[in-house]
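Shown next, in structure tokens, is the structure this report addresses.
In what follows, every chain begins at residue 1, and chains take the letters A, B, ... in the order their sequences are listed.
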There are 2 protein chains.
Amino acid sequence: MTGWEDVRTEVLRRIRAREWAPGAVIPGEEALAVEFGVARATVNRALRDLAEAGLLERRRKAGTRVAVLPVRKATLEISIIRQEVEARGESYSHRVLTQRMEVVPMAVALRMGVAAGMRLLFVETLHLAGGRPFAHEVRWLNPGVLPGGGIPDFGAVSANEWLVQNVAYTIGDIAFSAEAASREEAAALALAEGAPVFVTERMTWTAEAPITFVRLLHGPGYRLRTMV
Amino acid sequence: MTGWEDVRTEVLRRIRAREWAPGAVIPGEEALAVEFGVARATVNRALRDLAEAGLLERRRKAGTRVAVLPVRKATLEISIIRQEVEARGESYSHRVLTQRMEVVPMAVALRMGVAAGMRLLFVETLHLAGGRPFAHEVRWLNPGVLPGGGIPDFGAVSANEWLVQNVAYTIGDIAFSAEAASREEAAALALAEGAPVFVTERMTWTAEAPITFVRLLHGPGYRLRTMV
DNA sequence: ACTGCATTTATGTATAGACATAATAACGCC
DNA sequence: GGCGTTATTATGTCTATACATAAATGCAGT
């Protein structure tokens, strides 16, 4: 009955009820531990959790205070396209439209942090849900990171899925935006030119080298949702 | 030198190096604790952290295994528009275009979980960065949750900021999409009709009642970024 | 074989005590 | 008063131990 989640619930209640006002310092861990009749470590676990959620701000010596402007942190699950399609109950397939070594455009070279004029593997893929275009993907891939040296067969497994399973786990960053579809993009997705598309751009690194830059387009109707 | 973060680093290295293959069960906490010369609680902290990141899957009794398809979890910081504008070094201002009690459209009533035909407070706001339109906001607000009963002055503080600071902390969900701007939306944002707009829709609840439904539009050039 | 119960086991969590660390606050010096 | 040094203090983390809990496994009885 007195686990760290109970402590978190009670602290959350006090924040919501404004018993502890935004910006105010709340009692120390020691004091709360005594009050709730638990160990300090238990209070610590609860407060740390709330701090990670952005509701509390903690600093050594300064104590813990209720966040004035709680930065809401939403968590997105970036799933593999096949999973996403299959979760909708549709059958997934994909077609590789282009696959060749190509000189990277300046814009991509800058984002990937490689020298301008460098040749990287360029892969263009159309993802289909139930036979209809679902997403259009353009990807630049650093062949240096591919294990075995050879270029895998992206016709069998999609590039993203292959990378996730075969290249070391990575760090990266993602950006979302809305753009008007270019002529080529519109054609691939069976849309009118200039139609609004949802753009996901993902840059991925290992500790040392850039792995891949992906630009993924979804047509109208696509929604990216946060988890609860 | 042997903190939980060191343990996490080493475990992460083994996953990346495929010393522990995806899907494979890794040694138990006890064994790792002995190997690393730390307490089991320290190993637990490290493994729990990696599990939260989606790289490990843990089940009681079954043990800990390396995730086969690691669902990448990206975290977004949903900041207040004023902060976002000021972070760009531009001056923020906003204009309330409409504010009145209005019968909710069916679509909004369904999402908010209120009865069709109910009257809610409707607020339409234009957010400006450096005097230029930055975002267009449409909001339905449940007046029942407003403390004091009166309707606040959204001309002075923006609705979002006021709510964050004055209403109890809440739960909600967010969805993003790309749409074509309607005639009215385009006019508000000084865009051509049909231009692609980045749409953020946010639904917020307290434990009991719906608080607000927001539809926020950003014009071309807007990018939503994840944190590292 | 099959079903249901008991056993075993790995993770989940709680605890008291200790030391580490960062940052404020207090002090003393010029 | 202003500035640098030291003391204080709240959080951060580690340890050892204990018990809780979920779930897979094995056993027994039908």
Pairs under 3.5 Å (N/O, protein and nucleotides 13-15 of chain D):
unit_1	atom_1	unit_2	atom_2	d
D:dT13	OP2	B:R45	NH2	3.2
D:dT13	O4	A:R40	NH2	3.1
D:dC14	OP1	B:W4	N	2.4
D:dT15	OP2	B:A39	N	2.8
D:dT15	OP2	B:T42	OG1	2.6

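- C:dA18 atom P lies 13 Å from atom CD of A:E30, rounded to whole Å.
- Side-chain N/O atoms of B:R59 include none lying less than 4.0 angstrom from OP1 or OP2 on C:dG12.
- Rounded to an integer number of Å, the gap from CD1 of B:I26 to C1' of C:dT11 is 12 Å.
- Evaluated for a side chain to side chain donor-acceptor pair (under 3.5 Å) with B:E124, the options B:R139, B:H136, B:Q99 yield exactly one hit, B:H136.
- In this structure, B:F198 and B:Y222 have tilted ring planes: the angle between them lies in the 30° to 60° band.
- One interatomic measurement links the two molecules: CG of B:L47 to P of C:dT13, which rounds to 13 Å at whole-angstrom precision.
- For A:F36, there are no ring pair (Phe, Tyr, Trp, His ring centres under 6.0 Å) partners two or more places apart in sequence or in a different chain.
- When rounded to the nearest whole Å, the span between CG of A:D49 and P of D:dT11 equals 16 Å.
- Taking atom CZ of residue B:R65 and atom P of nucleotide C:dT11, one finds them 11 Å apart after rounding to whole Å.
- Put simply, CG on A:L32 is 13 Å from P on D:dG12, counting in whole angstrom units.
- Atom NZ in A:K61 sits roughly 14 Å away from atom P in D:dA7 (whole-Å rounding).
- More than 12 heavy atoms of other residues, nucleotides or ligands sit less than 6.0 Å from atom CZ of B:R14.
- Here C:dT21 presents its P atom at 18 Å from CZ of A:R58, a figure rounded to the nearest Å.
- Within the 4.5 Å cutoff, no side-chain heavy atoms of A:W20 are placed close to those of A:T64.
- Take B:E201 and apply the salt bridge (Lys or Arg N to Asp or Glu O under 4.0 Å) test, not counting sequence neighbours, and it matches A:R223, B:R111, B:R215.
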